[in-house]
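Okay, so here's the structure we're looking at.
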2 protein chains.
Amino acid sequence: MANLDQVFHSLSDGTRRAVIAQLASGPANIGDLARRHRMALPSFMKHIRVLEESEIIVSRKRGRVRTCELRAAALTAAQDWLAQERRVWETRLDQLDAFIETLALKETTHGEE
Amino acid sequence: MANLDQVFHSLSDGTRRAVIAQLASGPANIGDLARRHRMALPSFMKHIRVLEESEIIVSRKRGRVRTCELRAAALTAAQDWLAQERRVWETRLDQLDAFIETLALKETTHGEE
DNA sequence: GTGTTAGTTAGCCATATGGCTAACTTAGAT
DNA sequence: ATCTAAGTTAGCCATATGGCTAACTAACAC
């Protein structure tokens with residue numbers, strides 16, 4: 001299962017996010033991907049490996065070309081974590097709102113006494 | 001504005017994610033936060049600084065205690081990026097489905113000829 | 001078979017990361 | 001005025017990161 005540390009680490013680099021964006025519109029092989037990022041192949045390969053270890057992409061080699069493909073599951077894990085935290089955060093703010101509302105109400109009541 | 005590199009980097013560490021989770025249910029001061037993570041204060045402070053530089057939290061000091069609070073905007077930026085990529089990804093899969101559907105239809109038609 | 005092409009491996013380098021201790025600075029408490 | 005508590009700063013250390021070049025391997029093209 002995708003490890004959040006690795007997934008978020010993968011996402012923390014612009015080159016890797018660009019690769020993800022490209023793969024979202026369909027599989028591609030490493031050469032094509034690398035050409036768009038002015039970077040030596042071995043450097044680029046490190047990014048591919050990071051993405052692969054975090055299970056954001058999978059790749060397989062046929063002949064001498066390796067093609068990469070996006071796996072959505074890891075990204076889903078990241079989204080889920082964020083969504084959950086947002087839920088907690090928003091619930092709290094709602095309760096805070098409600099609390100302030102009751103305070104305001106009381107003051108009005110007092111004011112009318 | 002929150003920088004995605006920094007935001008995702010912040011999220012790539014379990015300690016920092018735990019801090020975010022705690023702050024989602026309300027502000028807290030650094031001492032309280034640190035106590036839950038068996039870690040020397042200066043080490044913990046580095047995490048706080050990372051979170052602050054990525055604008056995920058803000059903090060201010062009153063007297064000698066510093067209290068931290070979550071800022072949702074940075075997390076929203078991360079969520080938005082993920083959502084956008086998912087949109088591209090899913091659109092493509094839908095089109096792929098549709099394409100396969102038409103293929104299947106054609107075959108059926110041919111079969112009936 | 002000789003080249004050429006697509007990846008890969010090995011290894012170098014500078015900087016960043018994530019932990020620590022020790023020593024310092026204030027702010028409150030007595 | 002002292003003592004204590006909450007942060008902070010400085011600096012050490014091992015490892016990770018993100019880039020590079022050079023040299024190697026394995027396919028495909030002629």
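Note that the structure is a prediction, hence the values are computed from the model and not measured. Residue numbering restarts at 1 for every chain, and letters A, B, ... go by the order of the sequence lines.
Residue pairs meeting the salt bridge (charged side-chain N to carboxylate O under 4.0 Å, His left out) criterion with at least one partner in residues 7-24 of chain B, sequence neighbours excluded, are A:Asp5-B:Arg17. Listed by first then second residue, pairs satisfying salt bridge (charged side-chain N to carboxylate O under 4.0 Å, His left out) with a partner in residues 41-56 of chain B number zero, not counting sequence neighbours.
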Checklist entry - For every nucleotide of nucleotides 24-30 of chain D, 5' to 3': is a protein heavy atom under 4.0 Å from its base (B), only from its sugar-phosphate (S), or from neither (-)? => result ---BS--

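The distance from the CG atom of B:Leu75 to the CH2 atom of A:Trp81 is 6.5 Å, given to the nearest 0.5 Å. Atom CD1 of B:Ile48 sits about 5.0 Å away from atom CD1 of B:Ile30, to the nearest 0.5 Å. To the nearest 0.5 Å, atom OG of residue A:Ser54 and atom CZ of residue A:Phe8 are 11.5 Å apart.
Of the residues in residues 10-23 of chain B, not one places a heavy atom less than 4.0 Å from an atom of DNA chain D. Taking a 4.0 Å limit (strictly below) on heavy-atom distances, residues 41-51 of chain A reaches DNA chain D at A:Pro42, A:Ser43, A:Lys46, A:His47.
The nearest heavy atom of DNA chain D to B:Val65 and to A:Met39 marks one nucleotide each, and the one closer to the 5' end goes with B:Val65.
For the salt bridge (Lys or Arg N to Asp or Glu O under 4.0 Å) test, no residue two or more places apart in sequence or in another chain qualifies with A:Asp80. Listed by chain and residue number, A:Arg86 satisfy the salt bridge (Lys or Arg N to Asp or Glu O under 4.0 Å) test with A:Glu90 (two or more places apart in sequence, or in another chain). In this structure A:His9 satisfies the side chain to side chain donor-acceptor pair (under 3.5 Å) test with no other residue, sequence neighbours excluded. In terms of the salt bridge (Lys or Arg N to Asp or Glu O under 4.0 Å) criterion, residue partners of A:Arg35 (sequence neighbours excluded) are, by chain and number, A:Asp32.
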Check residues 62-73 of chain A and write down every donor-acceptor pair under 3.5 Å in which the side-chain atom is one partner and the other belongs to a residue at least two apart or another chain.
from    : atom 1 : to      : atom 2 : distance (Å)
A:Arg66 : NH1    : A:Ser59 : OG     : 3.0

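Here the closest non-hydrogen pair linking B:Val88 and A:Ala24 is CG1-CB, 3.8 Å. The heavy-atom pair separating A:Leu41 from A:Ala34 by the smallest distance is CD2-CB, 3.8 Å.
At least one side-chain heavy atom of B:Leu11 sits less than 4.5 Å from a side-chain heavy atom of A:Leu82. Using a 4.5 Å heavy-atom cutoff, the side chains of B:Leu33 and B:Leu23 are in contact. Between B:His47 and B:His37, the closest side-chain pair of non-hydrogen atoms is not below 4.5 Å.
The residue A:His37 sits apart from the nucleic acid: no heavy atom pair falls under 4.0 Å.
Heavy-atom contacts of chain B under 4.0 Å fall on DNA chain C between two terminal nucleotides, which in 5' to 3' order are C:dT17 to C:dG28.
Where the helix from C:dG1-D:dC30 to C:dT30-D:dA1 starts and where it ends, the local axes point in directions that differ by 20°; five pairs per end, rounded to 10°.
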